[in-house]
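The sequence lines fix the lettering, A, B, ..., with proteins before strands; numbering per chain opens at 1.
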Amino acid sequence: MEGHSSDDASLVDRLRRDAPRAFEDLVIAYQHRVFGVALRMLGNRAEAEELAQEVFLRVHRAIGEFRGESKLSTWLYAITSRLCLNRLASSERRMARQGEETLTRLASREIGPAEEMERSELETALHRAIAELSEERRIVVVLRDLEGLSYEEIAAALEIELGTVRSRLHRARMDLREKLERFLP
Amino acid sequence: MTCHEAREQFSALVDDALGAGERAALDAHLATCADCRRELQRFRDTVSLLHAVGPIRAPAGFVDRVLETARPIPWPRRLVRGLFLPWPVKLPMEAAAVVLVAVGVALVYRGTPELQQAARLETPAPAIERAPESPGPPGPVLMSREHDAARESSGARRDQAELKEQARALAKTREAKDMTERPKASESQPAQTQTTDQTIAAGPAPAKTPERERPSSDVEMRQKMDRLAVEPPAPATAGKLAARSEAPRAQAPPQATASLAFAPSDVQGLLEVGDRDVALRQVAELISRLGATETRRVDGTSGPIVELTISRESYPELARELGRVGRWRTTREPAALPAQVRVMLQITS
């Protein structure tokens, strides 16, 4: 996300003016990050795509409300995180999760069956360990260690205190450290 | 600083998020604690593993699908929406539509002599809608469903007791006529109506026969039930009940006079009990428990008569439970029951 500030400001300006291709540029620029967070949180590609679409549609409708006090990326992550957590908290979702495939089959890219066979045990263990974190710890780890947001950006996106970000991140990493013990040198 | 306090700072240390004081205290502890140094290294390795996780890519065609969903609505549709969706426009139009429908119904009513004739039969006096003006019954009257609809749409609400009174008056009137013209008719079974799907041929109200001439409770019950069939049901079901009578009986007078005819109950029966009041309460509880609806209740000389509606699925349980309340025997029970079964039972002792 770093280094995108000027690009983001220009993009926001174009979006507000409803300039041609502005929305398309936004989706192209952020599709992987939004989809990635959704997939890591929900663990289901179809559901993640549906949620990612919802994120962009909300941005499309509400770009006028974006005051520019935070980065565009932080705003997008905030919407994505909120929608993910809301969905995970819904009773329907909790019922559906029983028997749902685990996040261990998350693909870091579109791969074929043969390549999937060769995926390292480490990668599988990593995905599983992340998936097994509680939702509130998982979102912090995803935003910090996989998406690279700062503590302040995470606090803003999740609307929680900086100290809460710090403690949740620490607990999540300690959990992961135990789960990944055998892969550590 | 203890080891525990030191390790609580590892995450912030890795992210370089410690304040100067915190950092100095932690460094001091690490300088003297080999375990914590080793633990810190494993913590750093864990975070390094996380940072090595590859990015996820959105599926192919995702951008197109988002753009397709977010595509603005074409201007003709926006124009239509702009015209019709705003409430200030939409509400008056809906109100106008309601008025138009009401006017249409009134015009149909006024333009259909059959409806007016039927209405006249039901409204002999301004204050009372149904008592006939003359004892001589008019010719057969067809009550179309439009008539029912017109009655309902006009919001006419008839008082149940008043209607019962009118039905009795009508029966008495006809009885008097029958006595003079066809004396034997008073002993016959009241005529039931024959209907088609489109019209309801109004049958006469049953002749009122002295109770002493009806020693059998079955006969009395049938008489009561037939009288009930002439009375209007609850407003919610008025006009919706189609008469499903058997073939017209030979004794039926050729001139149909009554203005109302409703379907007889699907199931009729007698419930013989020791205490009527107790049984009535038990029946009421059953109705409530089984999700049935009590549509009418009349006090017969041999006991109260209750009419209810219950789903076909719940009817067997009702029959079982009635068998526990008292001795339940049906006098009428078709082989195939409708989805909503109308049950009329008389509680006798």
Side-chain angles (χ1 to χ4, degrees), chain A residues 18 23-24 26-28 30-40 45-46 48-49 52-57 59-61 106-110 122-123 125-127 129-130 141 144-148 150-151 162 165-174 176-181 183-185, chain B residues 1-23 25-26 29-30 35-75 78 81:
Chain A
D18 201 15
F23 182 63
E24 184 178 352
L26 172 82
V27 180
I28 290 171
Y30 287 99
Q31 57 172 329
H32 303 305
R33 278 171 278 187
V34 169
F35 178 77
V37 172
L39 182 53
R40 292 197 189 283
R45 295 187 74 84
E49 177 170 348
Q53 284 196 24
E54 176 65 21
V55 170
F56 286 112
L57 292 178
V59 169
H60 187 251
R61 286 196 298 264
L106 278 181
S108 59
R109 57 194 185 280
E110 299 293 334
L122 170 61
E123 192 176 356
L126 265 170
H127 289 308
I130 294 170
V141 162
R144 172 63 196 161
D145 290 330
L146 306 184
E147 299 297 326
S150 68
Y151 284 24
L162 210 55
V165 174
R166 192 162 142 171
S167 65
R168 284 184 187 174
L169 183 61
H170 180 72
R171 299 282 163 239
R173 285 168 167 174
M174 291 296 279
L176 293 171
R177 183 214 161 288
E178 286 183 17
K179 293 179 192 299
L180 300 171
E181 178 79 48
F183 297 101
L184 299 177
Chain B
M1 176 180 277
T2 64
C3 291
H4 177 75
E5 289 168 343
R7 291 175 190 188
E8 287 293 303
Q9 309 275 7
F10 282 176
S11 194
L13 178 67
V14 169
D15 289 329
D16 201 15
L18 286 175
E22 292 173 313
R23 178 65 188 261
L26 181 57
H29 177 81
L30 288 172
D35 282 349
C36 283
R37 282 201 301 274
R38 190 167 51 251
E39 191 58 31
L40 175 61
Q41 188 54 48
R42 299 183 81 73
F43 195 89
R44 285 187 191 278
D45 292 339
T46 302
V47 176
S48 297
L49 285 178
L50 289 171
H51 290 170
V53 173
I56 290 176
R57 296 188 66 80
F62 175 78
V63 176
D64 291 337
R65 287 192 286 278
V66 173
L67 295 177
E68 179 73 23
T69 311
R71 181 170 292 165
I73 303 165
W75 72 265
R78 271 186 298 181
R81 282 192 180 188

For this session: Using the six-membered ring wherever Trp is involved, compare the ring planes of Phe56(A) and Phe23(A) and label them parallel, tilted or perpendicular (cut-offs 30° and 60°).
Result: perpendicular
Problem set entry | Which portion of Ala38(A) sits near chain B, non-hydrogen atoms under 4.5 angstrom | neither
Problem set entry | Segment of Leu146(A) engaging chain B (4.5 angstrom heavy-atom cut-off) | side chain
Seminar exercise, completed: Max heavy-atom pairs within cutoff under 4.5 Å with chain B, candidates Gln53(A), His32(A), Glu49(A), goes to His32(A)
Problem set entry | Side chain proximity check, Leu30(B) to Met1(B), heavy atoms < 4.5 angstrom | no
Exercise. Lys179(A), Arg144(A), Arg61(A), Met174(A): which one forms the most heavy-atom pairs within less than 4.5 Å of chain B?
Worked result: Arg144(A)
For this session: Evaluate the side-chain proximity of Arg23(B) to Gln9(B): yes if any heavy-atom separation is below 4.5 Å, no if none is.
Result: no
Exercise. Residues two or more places apart in sequence or in another chain: which of them pass salt bridge (charged side-chain N to carboxylate O under 4.0 Å, His left out) with Arg42(B)?
Worked result: Glu181(A)
Exercise. Between Val47(B) and chain A, which part of the residue has a heavy atom less than 4.5 Å away: side chain, backbone, both or neither?
Worked result: side chain
Problem set entry | Partner chain A: residue of Thr69(B), Asp45(B), Thr46(B), Asp64(B) with the largest heavy-atom pair count (under 4.5 Å) | Thr46(B)
For this session: Sort Arg171(A) into side chain, backbone, both or neither according to what part of it lies under 4.5 angstrom from a heavy atom of chain B.
Result: side chain
Problem set entry | Under-4.0 Å salt bridge between Glu54(A) and Arg65(B) | no
Problem set entry | Min side-chain heavy-atom separation Phe43(B)-Arg38(B) under 4.5 Å | no
Exercise. Which atoms of Leu126(A) come close to chain B, meaning under 4.5 Å heavy atom to heavy atom: side chain ones, backbone ones, both, or neither?
Worked result: side chain
Problem set entry | Residue Glu8(B) versus chain A: region with a heavy atom under 4.5 Å | both
Exercise. Can you name the salt bridge (charged side-chain N to carboxylate O under 4.0 Å, His left out) partners of Arg173(A), sequence neighbours left out?
Worked result: Asp145(A), Asp15(B)
For this session: Name the region of Leu169(A), side chain, backbone, both or neither, that has any atom closer than 4.5 Å to a heavy atom of chain B.
Result: both
